[in-house]
Number of protein chains: 2
Amino acid sequence: MFSKACEYGIKASIYIALQSLQDKRVSLKEIAEEINSPVAFTAKILHQLAKNDILDSVKGPAGGFQIEKDNVEKLKLSHVVFAIDGDSIYSGCGLGLEKCNEKQPCPLHDKFVIIRNELKQMLEETSLLDLTSGLDLGITFLKR
Amino acid sequence: MFSKACEYGIKASIYIALQSLQDKRVSLKEIAEEINSPVAFTAKILHQLAKNDILDSVKGPAGGFQIEKDNVEKLKLSHVVFAIDGDSIYSGCGLGLEKCNEKQPCPLHDKFVIIRNELKQMLEETSLLDLTSGLDLGITFLKR
DNA sequence: TTTAATTCGGATAAATTTGTCCGAATTAAA
DNA sequence: TTTAATTCGGACAAATTTATCCGAATTAAA
């Protein structure tokens, strides 16, 4: 469903959000450990999220990544997914047709659009804050 | 969402189903043209579908692929997808956790399961026959 | 000012997916 | 029986995604 890059990006964002709520800035190394991801690859993804204003990054000793507290609730999964995978989740035909729409649909079009819209809605209404609460309570997990 | 292999497999199956309803056996070449796919790659996918009893294949002159008429309605998209991509669409955590379930869920688990179950249900209830009718009427398309 | 911790970012490599090539096997028709 | 059309299936190649490496730039602290 999501690419590996996107999975890492979402997990990292959730972890950073959780720590940011407690005013903690976190390093790449810590993030990769907490979400069980390859360090260097995670660096690239975090970099990309920073460029897209999902995260703030600070260089130098005691540097790392964080999210403005106000943004933890404002940032939705859709923002993270879009920053990494673009609109590939939203656009595009289920059967790979270049030009597939209501006027000239593939055989699966109608059924596919329904599912995709629900995915879209879920991504757009789920904030990073929503996803941190279970983690904090120890009832959801980011690794294993 | 689906892999290219799966997209080609679904489109090919729909086309073969449509022709089979009119007792026409179709060649690899014709299929690849009709669904706008690379011939040799399509061959591999058809071969795989034949091995999994989704299609019948006949070698030699006037050979090709077909689907038993009775099976056109019995075969669901889920069968085609499973023959090509395995259960990857169904199983697996949305965030890539090895062990993600009701007991030890990722933060996205509940929301993800809802979407995936709807996809699953759609694939399991949609038959090849369902997808041929629009094609036959010229209101749905397999290429462009 | 120097040092060390950190992100930045390009080059490269490994793995996977997608796609090509071609000879072997099969089989209907000439 | 020969020929030609076709699928079968393995080897290989290209493209994309995933992952690694390492030096440059930045910056807080010693």
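Lettering of chains follows the sequences in order, A, B, ..., and the numbering in each one begins at 1. Note that the structure is a prediction, hence the values are computed from the model and not measured.
The environment of B/E98 atom CD is sparse: at most 12 non-hydrogen atoms of other residues, nucleotides or ligands sit within 6.0 angstrom. Counting non-hydrogen atoms of other residues, nucleotides and ligands closer than 6.0 Å to CD of A/Q121 gives a total of 12 or fewer. For B/E73, the CD atom counts as loosely surrounded, since its 6.0 Å shell holds 12 or fewer non-hydrogen atoms of other residues, nucleotides or ligands.
The A/A5 side chain lies nearest to D/dT18 when the options are C/dG19, D/dT7, D/dT18. For B/S3, counting side-chain heavy atoms from C-beta on, the closest listed nucleotide (D/dT7, D/dA19, C/dT18) is C/dT18. Each of C/dT7, D/dT6, C/dG19 was ranked by its minimum atom distance to the side chain of B/P38; first place goes to C/dG19. With C/dT7, C/dG19, D/dG10 as the candidates, the nucleotide lying closest to the side chain of A/F65 is C/dT7. With D/dC8, D/dA11, D/dT6 as the choices, the nucleotide that has an atom nearest any side-chain atom of B/K44 turns out to be D/dA11.
Between the side chains of A/D130 and A/S127, at least one donor-acceptor pair of N or O atoms lies under 3.5 Å.
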**Prompt:** DNA chain D in dot-bracket, Watson-Crick or G-U pairs under 3.5 Å, [ ] crossing, | other strand?
**Reply:** ||||||||||||||||||||||||||||||
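Between A/D56 atom CG and C/dC8 atom C1' there is a gap of 16 Å when expressed in whole angstrom units. Computed from coordinates, the A/K29 NZ to C/dT7 P distance equals 11 Å when rounded to whole Å. We find that CG of A/L28 is positioned 14 Å from P of D/dA19, with the value rounded to whole Å. Rounded to an integer number of Å, the gap from B/K4 NZ to C/dG19 P is 7 Å. Atom CD1 of A/I45 is separated from atom P of D/dA19 by 8 Å (rounded to the nearest Å). Atom pair B/K51:NZ and D/dG10:C1' shows a separation of 12 Å (rounding to whole Å applied). In this entry the distance linking CG of A/L55 with C1' of C/dC8 reads 14 Å, nearest Å. One can place CD of A/Q48 at 12 Å from P of D/dT18, the figure rounded to the nearest angstrom.
Shown here for B/F141 and A/Q104, the closest heavy-atom pair between the two residues is CE1-CG, 3.3 Å.
Residue B/S57 places at least one side-chain N or O closer than 4.0 Å to OP1 or OP2 of D/dC8. Using a 4.0 Å cut-off, some side-chain N or O of A/H47 falls inside it from OP1 or OP2 of C/dG9. Regarding contacts with the backbone of D/dA19, a side-chain N or O of A/Y8 is found under 4.0 angstrom from either OP1 or OP2.
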**Item:** B/S/- contact track for nucleotides 22-30 of chain D, protein heavy atom under 4.0 Å
**Value:** ----BBB--
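B/Q19 places none of its side-chain heavy atoms less than 4.5 Å from the side chain of B/F65. No side-chain heavy atom of B/L75 sits less than 4.5 Å from a side-chain heavy atom of B/V80.
Transitive grouping of hydrophobic side chains (ILVMFWY, heavy atoms separated by less than 4.5 Å) brings B/M122 and B/I14 into a common cluster. By the rule that hydrophobic residues join a cluster once side-chain heavy atoms approach within less than 4.5 Å of another member, B/I10 and B/L21 end up as members of one cluster.
Under the 30°/60° scheme for interplanar angles, the aromatic rings of B/F41 and B/Y8 are found to stand perpendicular.
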